[in-house]
Amino acid sequence: MVTEGDLERNYKEVARIYTEGGPKNKEEAFRLMRSRLAEFGADAVIKVRKTENMNYEGIVVLFD
């Protein structure tokens, strides 16, 4: 799961994730983050936002 919002369930924040190379849109950024989540075994990225340098960042979480 990748979302711009927060979650209404218990979770633990474990890292921050960033895109590189300025994805062309939000959908591409979310796809990149989802593929990284699968590699790490994380449950979600929340509070995703676009940064000043046109990349995206979010908080990687594990569900309790």
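Keep in mind that this is a model prediction, so the values were computed, not measured. Numbers here are sequence positions counted from 1.
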Leu62 and Val2: same hydrophobic cluster, using ILVMFWY side-chain contacts below 4.5 Å?
yes

Glu27, CD: over 12 other non-hydrogen atoms inside 6.0 angstrom:
yes

Taking side chain as C-beta onward, heavy atoms only, is Val45 less than 4.5 Å from Leu37?
yes

If you compare all heavy atoms of Thr3 against all heavy atoms of Leu7, which two are closest, and at what distance to 0.1 Å?
CG2-CD2, 4.4 Å

Non-hydrogen atoms of Asp6 and Tyr11 that approach each other most closely
OD1-OH, 2.7 Å

At their closest point, which heavy atom of Pro23 faces which heavy atom of Met54, and how far apart are they?
CD-O, 3.9 Å

Linking Ile, Leu, Val, Met, Phe, Trp and Tyr by side-chain heavy atoms under 4.5 Å, what else ends up with Phe40?
none

Tell me whether the NZ or CZ atom of Arg9 lies within the 45° cone about the ring axis of Phe63 and under 6.0 Å from its centre.
yes

Shortest non-hydrogen contact from Ala42 toward Val60:
CB-CG1, 3.4 Å

With a 4.5 Å heavy-atom cut-off, do Glu57 and Arg49 have their side chains touching?
yes

Does any N or O in the side chain of Thr19 come within less than 3.5 Å of the main-chain N or O of Tyr56, such that one atom is a donor and the other an acceptor?
yes

Calculate, to the nearest 0.5 Å, the distance between atoms NZ and CG belonging to Lys12 and Asp64 respectively.
8.0 Å

Where is the tightest heavy-atom contact between Met33 and Gly58, given as atom of each residue plus distance?
CE-N, 4.1 Å

